[in-house]
Amino acid sequence: MALTLYVDTQRWRDQLDAACRAYPRIVPVAKGNGYGFGLERLAAEAARLGTDTLAVGTYDELVAVATTFPRDLLVLTPFRSYDTAPDAAHAGPTTATGSDLQDTIGDRLIRTVSRPDDLAELGDALDRPRIVVELLTSMRRHGVGVDDLPTVAKRLDDVRCEGWALHLPLPVAGAHKPEVEAWINRLREAGLPVQRMWVSHLTPGELDELGDAYPEIEFRPRVGTKLWLADRGSYEARAHVLDVHPVRRGDRFGYRQRRVPGDGHLVVVSGGTTHGIAVEAPSHVGDFRTRVKTLALGGLEAAGRALSPYTIAGKRRWFAEPPHMQVSVLFLPSSVRPPKIGDELPVNVGMIFTRFDRIVFR
Ligand SMILES: *Cc1c(COP(=O)(O)O)cnc(C)c1O
């Protein structure tokens with residue numbers, strides 16, 4: 001009765017080890033749903049890998065990793081005073097466990113700061129907190145601009161600056177080296193020390209080149225997808241078949257009493273909207289034409305059917321109706337032998353938005 005993620009632990013770990021070799025001084029990123037594996041598990045793996053720092057997305061995520069991962073914790077989302085009062089629950093949410101969490105984290109926390117005001121606030125409120133200053137990149141998400149650098153420089157004595165952070169677009173969008181170099185030059189022109197840069201989405205080749213060009217700078221690649229999800233063959237989602245019903249063309253079924261499109265079977269499977277099972281094909285599906293076709297259907301209401309992520313007899317099958325909260329219903333034409341109740345079907349889910357009922361490390 002479950003949507004289960006099966007992980008071939010040895011193979012997955014081999015890939016994690018390989019990623020650590022490809023990205024020297026890697027900072028694993030554990031955020032959101034833990035890339036499908038869960039934040040606690042990622043914290044444990046990062047501890048096993050021996051990295052000196054683990055990055056999380058938000059202050060709230062610290063609670064899931066702080067005990068398991070014993071070393072430094074970098075929060076990627078820039079600090080804002082409305083998140084947390086810097087003088088009180090500055091380690092995270094003001095929950096009952098807030099102060100325990102603070103004790104657990106102690107001096108291991110490194111905050112990202114992306115505005116001079118936030119830097120000033122932290123510097124005033126805390127005793128030289130550890131921070132990294134995020135610089136605005138072509139992403140245009142967060143970061144101080146070049147005009148802010150003089151203000152930043154004035155406030156750096158009140159904090160322990162652990163380096164500069166650059167969040168860059170995906171490599172497909174163009175080369176990163178010029179953008180990184182431009183920032184190194186701007187920082188140096190502003191008289192700021194550039195000892196360490198925390199970077200996202202640089203390729204191992206780009207990191208190599210930068211390391212050669214700037215041996216005096218320590219580059220710290222923050223990596224999520226290319227670490228945890230790099231070997232798709234090392235994990236697999238499967239869903240139980242909960243029920244199978246023979247149907248004839250035109251038979252009605254479901255809440256809306258739709259008609260089935262032909263002779264065959266309705267197959268009720270575990271996994272629904274609660275799990276993140278959606279009408280659209282997940283974007284990482286390699287088969288672009290399938291994806292376009294699915295989207296072109298304009299959802300189920302327009303075309304009466306959409307391609308599901310469930311595979312039976314080697315092929316993705318059509319939803320009979322939109323997924324429900326816990327289950328989905330597929331239509332299987334009579335030419336295909338139906339699965340048995342209790343069988344587990346492969347499901348092609350997007351790992352970063354799927355909530356599994358169970359995760360089984362084998
Ligand atoms: C999520 C995130 C990353 C990791 O992204 P992936 O594409 O999963 O490797 C790196 N840096 C920042 C700032 C992020 O928010």
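Atoms within each ligand, like the ligands themselves, are counted from 1 in listed order. Just so it is clear, the values below take in all heavy atoms, side chains as well, and ignore hydrogens, waters and symmetry mates. Since this is a predicted model, take the numbers as computed values, not measurements.
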Specify the protein heavy atom at minimum distance from atom 7 (O) of ligand 1: its residue, its atom name, and the distance to 0.1 Å.
H201 NE2, 2.6 Å
For W228, state whether at least one heavy atom is located under 4.0 Å from any atom of ligand 1.
no
Which residues end up grouped with Y6 if you chain together Ile, Leu, Val, Met, Phe, Trp and Tyr wherever their side-chain heavy atoms are less than 4.5 Å apart?
V360
Any N or O of K226 that comes nearer than 3.5 Å to an N or O of ligand 1?
no
Which ligand 1 atoms does H167 reach within 4.0 Å, using its non-hydrogen atoms?
11 (N), 12 (C), 13 (C), 14 (C), 15 (O)
Please determine whether the number of non-hydrogen atoms from other residues, nucleotides or ligands lying under 6.0 Å from atom CZ of R188 exceeds 12.
yes
How far is atom 10 (C) of ligand 1 from its nearest protein heavy atom, and which residue and atom name does that atom have?
S200 OG, 3.2 Å
One finds that the ligand 1 atoms under 4.0 Å from a non-hydrogen atom of R222 are 10 (C), 13 (C)
Taking atom types as modelled, is there a side-chain donor on D14 or Q10 under 3.5 Å from an acceptor on the other?
yes
Got more than 12 heavy atoms from elsewhere within 6.0 Å of CG, L242?
yes
What part of T225, side chain from CB on, backbone N/CA/C/O, both or neither, has a heavy atom under 4.0 Å from ligand 1?
both
Can you find a pair of side-chain heavy atoms, one from D52 and one from R25, that are under 4.5 Å apart?
yes
Closest to atom 2 (C) of ligand 1 among protein heavy atoms sits K31 NZ, 2.6 Å
In terms of residue, atom name and distance, what is the protein heavy atom nearest to atom 9 (O) of ligand 1?
G224 N, 2.8 Å
Sole residue of P309, S328, S270 in side chain to side chain contact (heavy atoms under 4.5 Å, CB included) with V347:
P309
Do we see a donor-acceptor contact under 3.5 Å between the side chains of R222 and S200?
yes
